[in-house]
Participant: 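The structure follows.
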Amino acid sequence: MNKNLVDLLSKTMQTCFDKGIFEKKDVPSIEVEAPKENSHGDYATNIAMILASILKMNPRTIATRIIENIEDGDNILEKVEIAGPGFINFFIKDTIWATLLAEVDEKDDRYGESEIGKGKRVQVEFVSANPTGPLHVGHARGAVIGDVVANILQASGYSVSREYYINDAGNQMNNLGRSVLYRYRQLLGEEIDYPDECYQGHYINNLASEILTKDGDRHQSEVEEEVISLFTDYAAGSILEGIKNDLEAFGVVFDCFFSERELYKDDGVETLLRELQEKQYIYREGNTLWFRTTDFGDEKDRVVVRDNGEPTYFAADIAYHKNKYERGFDTVIDVWGADHHGYVPRMYAGIQALGKKKEALDVILVQLVNLLRGGKPIAMSTRAGEFVTLREVVDEVGKDAARYNFLLRRSNSHLDFDLELVKEQSNENPVYYVQYAHARICSIMRTAVERGHTIPGYHDVNPSLLSLPEEFNIIKAIDRFPELIEGSAKAGEPHRITFYINDLASAFHSYYNKNRVISDDAELTHARLFLVKCIGIILRNALHLLGVSAPERM
RNA sequence: GCGCCUGUAGCUCAGCUGGAUAGAGCAACGGACUUCUAAUCCGUAGGUCCUUGGUUCGAAUCCAAGCAGGCGUGCCA
């Protein structure tokens, strides 16, 4: 409906220009929104006030001219009013509302999808945790946000690829292998002073004993420098396997795992450095190579090759992003922990040096999670190996509750995640509120069928029987769903969906308590069954986008 | 020191990119189950949108300064 009105208004503006009522000027994009106040109509636009300064006319005069020239061909408008400083308020005919549901019925599980992406290729890179230990809760929020952003983009007509970048080339990997090796030797009875900088978690011991079972004691006598890579490879592979399993249990599946090592194997970093040098973004100080990121607004230049000749992580990361674009992605989205925010300007510098526009990269920063139990913070230390793993959380609270609760806030804001609350199956837990609405709708459908009704489609009902104000409001909300998904896709903000379905579920619960869906009046029953069915479709589609199940019974 | 983020009801947070009288959940109080699922609903109460200026028809939203909290500020990843 919103779009219809925008179209109507742009045609009207055209008419006004053609007739010479307004001097021809560039018109800013017309926006129509639903006012909070019912007396302000069903929809309103501020276009007259925007045009006031451009056309140098009184906004109320502009509004009057616009209204005079509206051609309501489809006959949807009850009345149009000018209010306040120059708002144009639209009142839609009551009979129009129910007709909007035809589209929901027709598109069914595809309702909410759009083509705004026009098939553009987008890559969403997220999680990308080092394979030096299992995923913990801190990774979980980024995992869900990345996954859902990808879902939303896919529904909006983008061609989406989900990618996990494996940092398996750095110093830390060597450290991992060493850690396992020392534990292995300890298991064989050697006295070893286990270094502080080695990984402390118990999973290291497990990996060590796995190797012991597999290979016996034959690595004990081998030279550390020679055998360490074997331990590294085994540990990284095994940990990565675990990470994949944990993610899958969390409902997150990647299209691609990209290894940093591959980048070096293909000389990706070398090639990149040459390119930057040719483009004169590099200067040398002794053995150190600096990238002049300040050319692109970074606050200081950054080292890409260290004094010892080794490229920095940053260099590899630019090469990695170059590789992404070479694989044909138009836009690349990076989901990072907010503690990496200082990294953002230099990454933008990196891609701009490659000749990409800033718009080709979008960084979504995810704030850290405050893990609580019963209101008390849970202390975590990755170094000391004391942390709550993603797997533990999913096992304890369930996939649905875990995911939903991570989507309850804007990514940018801090999130308290209280295991007791998230686990609780009560009104404190929003996920069940929404799921319950869906289950309830399914229950109504079952009862209706038991009583001999068939579940109606749009053409089986008399739309004019949906005439209550709360029914209009529900339809209005349903009608807004596709726009909501579009907005959510453009902004990369999945939380909008959780807020929306919470409102819709609330409207439904309220409606349910006030009105009977199934009654003696067969025609009315069918109309309401149809409305309720449409609500169910929205809830199901939305939950699906969030990767949360829509149960038929609870 | 510098940079980024945050500051909205007692608590946790929305606020659709500048719109009309700022919203929701929780907590508090009072009500509704012989009816299609009470994991629900209805009602009451709750505000210096951190402060001060600026931009304009109009600011929680934009700009500047300040205050408070978080994070960052490696030739670590």
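Just so we're on the same page: letters track the sequence lines, and every chain starts at 1.
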Participant: OP1 or OP2 of B/G15 sitting under 4.0 Å from any side-chain N/O of A/Arg410?
Facilitator: yes
Participant: For B/C36, does the base pair up with any side-chain atom of A/Ser443 as donor and acceptor (N or O, under 3.5 Å, distance only)?
Facilitator: no
Participant: With a 4.0 Å cutoff (strictly under), does any side-chain N or O of A/Arg440 reach OP1 or OP2 of B/U40?
Facilitator: no
Participant: Is it the case that B/U37 (base atoms only) and A/Tyr512 (side chain only) share a donor and an acceptor within less than 3.5 Å, ignoring hydrogens and angles?
Facilitator: no
Participant: Ignoring hydrogens and angles, are the base of B/A77 and the side chain of A/Asp168 linked by a donor-acceptor pair under 3.5 Å?
Facilitator: no
Participant: For B/A59 versus B/G69, give the span between their P atoms, rounded off to a whole number of Å.
Facilitator: 30 Å
Participant: Any side-chain N or O of A/Asn412 under 4.0 Å from OP1/OP2 of B/U6?
Facilitator: yes
Participant: Measure the distance from CD on A/Glu31 to C1' on B/A20 and round it to the nearest whole Å.
Facilitator: 16 Å
Participant: If the C1' atom of B/G53 is compared with that of B/C16, how far apart are they to the nearest Å?
Facilitator: 29 Å
Participant: Would you mind telling me which of B/C75, B/G19, B/A77 lies closest to the side-chain atoms of A/Val303?
Facilitator: B/C75
Participant: Side-chain N or O of A/Ser413 less than 4.0 angstrom from OP1 or OP2 on B/A14?
Facilitator: yes
Participant: Using whole Å, report how far CD of A/Glu33 lies from P of B/A20.
Facilitator: 7 Å
Participant: Is A/Ser53 close enough to B/C57 that one of its side-chain N or O atoms is under 4.0 Å from OP1 or OP2 there?
Facilitator: no
Participant: Which nucleotide in the set B/A77, B/G19, B/C36 lies at the smallest distance from any side-chain heavy atom of A/Pro85?
Facilitator: B/G19
Participant: Quiz question: by atom type and distance under 3.5 Å, do the side chains of A/Asn515 and A/Glu470 form a donor-acceptor pair?
Facilitator: yes
Participant: What nucleotide, of B/U40, B/A77, B/A20, holds the atom closest to the side chain of A/His509?
Facilitator: B/U40
Participant: Answer yes or no as to whether B/G72 has its base stacked against A/His340, where stacking requires a ring-centre separation under 5.5 angstrom and planes under 30 degrees apart.
Facilitator: no
Participant: Counting distance alone, no hydrogens or angles: does the base of B/G72 have a donor or acceptor under 3.5 Å from a partner atom on the side chain of A/Asp339?
Facilitator: no
Participant: Please determine if a side-chain N or O atom of A/Tyr343 lies less than 4.0 Å away from the OP1 or OP2 oxygen of B/C4.
Facilitator: no
Participant: Does A/Phe87 lie flat on the base of B/A20, that is, centres under 5.5 Å apart and planes under 30° off?
Facilitator: yes
Participant: For a quick test of reading the model: is some side-chain N or O of A/Arg451 closer than 4.0 Å to OP1 or OP2 of B/C36?
Facilitator: yes
Participant: Classify the side chain of A/His341 and the base of B/G3 as holding, or not holding, a donor-acceptor pair under 3.5 Å.
Facilitator: yes
Participant: A/Glu33 and A/Tyr43: side-chain donor and acceptor closer than 3.5 Å?
Facilitator: no
Participant: Scan A/Ala52 against the nucleic acid and name what it touches under 4.0 Å (heavy atoms): base, sugar-phosphate only, or nothing.
Facilitator: nothing
Participant: Between B/C62 and B/G23, how many Å separate the two C1' atoms, rounded to a whole number?
Facilitator: 22 Å
Participant: When you check the side-chain N and O atoms of A/Tyr283 and A/Gln277, is any donor under 3.5 Å from an acceptor?
Facilitator: no
